[in-house]
Amino acid sequence: MTDEGLVEVGAHGRACVVTLRRESKLNALSAALEAALGDALAHPDVRASACVVFTGGERAFSAGADVSELRDLDPASILAYYRETGAVYERVAALPQPTISAIAGYCLGGGLELALATDFRVADSSAVFGLPEVGIGIVPSSGGMHRLVRMLGVARAKELVLLRDRLGADEARALGLVAEVAPEGGALERALELAERLAGLPPMAVALAKQAIDYMPDASREAGLALERLAYGLLAQTDDAREAAEAFTEKRPARFRGR
Ligand code: COA
């Protein structure tokens with residue numbers, strides 16, 4: 001546990017699970033919860049893991065920003081917020097290993113923005129998604145609008161931010177917001193299966209694939225292709241790639257070798 005028990009960190013095989021534990025407030029993302037989440041990212045179990053799974057409770061992954069902290073903020077404190085605990089979403093996005101959100105119950109506002117900062121989302125069939133910010137006179141501002149536009153395109157992002165109230169798990173899957181829907185109560189188990197699968201892949205190839213894909217939308221075609229080729233050039237020289245090529249060649253009957 002970190003910072004007054006608001007976030008729990010635990011190793012599960014080669015993966016690590018980071019659990020939001022502010023259940024009485026549906027994991028509303030207060031500054032204290034964001035700080036605890038930031039501390040969790042530096043935990044040795046997180047740093048040593050091949051994949052990080054973020055999850056919440058049965059009723060809520062997170063019901064979003066703590067609305068009780070949104071009142072009476074002056075410009076200086078808002079700027080300070082983004083320098084301090086408000087930077088945690090970008091820190092999650094910048095983790096070098098793959099990340100998965102296992103989502104049950106409410107996943108609203110900043111909670112959805114946190115989930116969008118991870119690489120994959122697995123939704124329990126009970127999950128409810130939504131971005132209520134505009135309805136309360138603000139906008140998603142933890143990287144969520146930018147990520148949604150990249151992930152789903154301008155029209156879908158506007159739909160989610162401006163038109164849609166709540167979205168169920170299947171609808172979220174159909175939109176491309178979540179990778180998989182698990183049966184009720186099964187999101188974490190499924191996320192851990194995916195984590196174990198990711199942990200079994202060559203780690204340098206996984207890390208470079210993640211980083212290259214994250215950079216692609218900002219890259220010109222030429223820079224993107226160069227990035228792919230440079231990553232390949234580096235990875236092709238690793239023991240993982242050499243051993244895989246040798247094992248493949250040995251397995252094939254002699255008459256197919258060299259084709
Ligand atoms: N910020 C602060 N507290 C929150 C919260 C939030 N975003 N979401 C829920 N809570 C608190 C409630 O105040 C309540 O606390 P209390 O028991 O001390 O009164 C507790 O969590 C349980 O929430 P409650 O509203 O009683 O549960 P519910 O099942 O009736 O409704 C929601 C669940 C998610 C529909 C409702 O809590 C909600 O609309 N929350 C706000 C969502 C939101 O606007 N998020 C984006 C903010 S930008």
Side-chain angles (χ1 to χ4, degrees), residues 3-8 18-38 40 54-75 77-93 101-118 121 123-149 151-152 156-172 175 177-178 181 184-185 187-188:
D3 199 8
E4 297 161 25
L6 286 173
V7 172
E8 193 181 311
V18 174
T19 308
L20 305 184
R21 285 253 181 264
R22 198 184 176 218
E23 283 110 336
S24 62
K25 298 286 182 186
L26 303 183
N27 289 328
L29 289 151
S30 58
L33 181 52
E34 289 173 340
L37 184 57
F54 292 86
T55 195
E58 268 175 38
R59 284 190 65 205
F61 177 78
S62 167
D66 189 316
V67 288
S68 69
E69 293 183 355
L70 296 181
R71 284 183 295 245
D72 307 325
L73 291 174
D74 58 57
S77 57
I78 290 170
L79 284 181
Y81 166 76
Y82 286 117
R83 279 196 298 268
E84 292 158 17
T85 70
V88 75
Y89 306 86
E90 293 315 302
R91 289 180 56 205
V92 168
S101 294
I103 301 162
Y106 292 109
C107 182
L108 305 176
L112 177 50
E113 293 186 270
L114 173 61
L116 290 170
T118 62
R121 284 147 294 284
D124 187 288
S125 56
S126 72
V128 175
F129 298 88
L131 290 165
E133 286 89 342
V134 169
I136 59 170
I138 53 176
V139 290
S141 55
S142 298
M145 289 204 287
H146 193 259
R147 289 198 174 86
L148 273 181
V149 169
M151 207 178 278
L152 307 180
R156 290 279 195 224
K158 284 180 184 166
E159 235 180 88
L160 281 168
V161 173
L162 294 168
L163 274 186
R164 306 298 295 266
D165 189 12
R166 298 282 161 82
L167 230 61
D170 289 329
E171 258 184 303
L175 274 181
L177 205 55
V178 307
V181 178
E184 196 161 347
L188 181 57

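Order of listing sets the numbers, starting from 1, for every ligand and every atom in it.
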Which pairs pass side chain to side chain donor-acceptor pair (under 3.5 Å) with one or both residues in residues 135-147, sequence neighbours excluded? Tyr82-Ser141, Glu90-Arg147
What residue and heavy atom of the protein are closest to [atom], and at what distance?
{"atom": "atom 29 (O) of ligand 1", "result": "Arg59 NH2, 2.8 Å"}
{"atom": "atom 39 (O) of ligand 1", "result": "Arg166 NH2, 4.4 Å"}
{"atom": "atom 7 (N) of ligand 1", "result": "Ala65 O, 2.9 Å"}
{"atom": "atom 24 (P) of ligand 1", "result": "Leu26 CD1, 4.5 Å"}
{"atom": "atom 5 (C) of ligand 1", "result": "Ala28 CB, 3.8 Å"}
{"atom": "atom 1 (N) of ligand 1", "result": "Val67 N, 3.0 Å"}
{"atom": "atom 15 (O) of ligand 1", "result": "Lys25 NZ, 3.4 Å"}

Main-chain N/O of [Y] paired to [X] side chain as donor or acceptor, under 3.5 Å:
{"X": "Asn27", "Y": "Phe61", "value": "yes"}
{"X": "Arg22", "Y": "Leu6", "value": "no"}
{"X": "Arg166", "Y": "Val128", "value": "no"}
{"X": "Ser126", "Y": "Ala104", "value": "no"}

Short list, please: which atoms of ligand 1 are under 4.0 Å from a heavy atom of [X]?
{"X": "Pro132", "result": "43 (C), 44 (O), 45 (N), 46 (C)"}
{"X": "Ile136", "result": "48 (S)"}
{"X": "Asp66", "result": "1 (N), 2 (C)"}
{"X": "Glu133", "result": "48 (S)"}

Would [atom] count as contacted, meaning some protein heavy atom under 4.0 Å?
{"atom": "atom 26 (O) of ligand 1", "result": "no"}
{"atom": "atom 47 (C) of ligand 1", "result": "yes"}
{"atom": "atom 19 (O) of ligand 1", "result": "no"}
{"atom": "atom 36 (C) of ligand 1", "result": "no"}

Quick one: do Glu23 and Arg21 make a salt bridge, cutoff under 4.0 Å? yes
To the closest 0.5 Å, what do you measure between CG (Leu131) and CD (Glu113)?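 Reported to 0.5 Å precision, the distance equals 6.5 Å.
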Out of curiosity, Met151 CE to Leu160 CG, how far, rounded to the nearest 0.5 Å? 11.0 Å
So which bit of [X] gets within less than 4.0 Å of ligand 1, heavy atoms only: side chain, backbone, both or neither?
{"X": "Leu108", "value": "side chain"}
{"X": "Ala63", "value": "both"}
{"X": "Ser24", "value": "backbone"}

When you compare the side chains of Tyr81 and Glu69, does any donor N or O come within less than 3.5 Å of an acceptor on the partner? no
Determine, step by step, whether Leu177 and Leu116 satisfy the side-chain contact (heavy atoms from CB on, under 4.5 Å) criterion, reporting the C-alpha distance in whole Å, the side-chain angles of both residues, the deciding distance to 0.1 Å, and the verdict. CA-CA 8 Å; Leu177 205 55; Leu116 290 170; 3.9 Å; yes
Is any side-chain heavy atom of Tyr89 less than 4.5 Å from a side-chain heavy atom of Leu29?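 Side-chain contact under 4.5 Å: yes.
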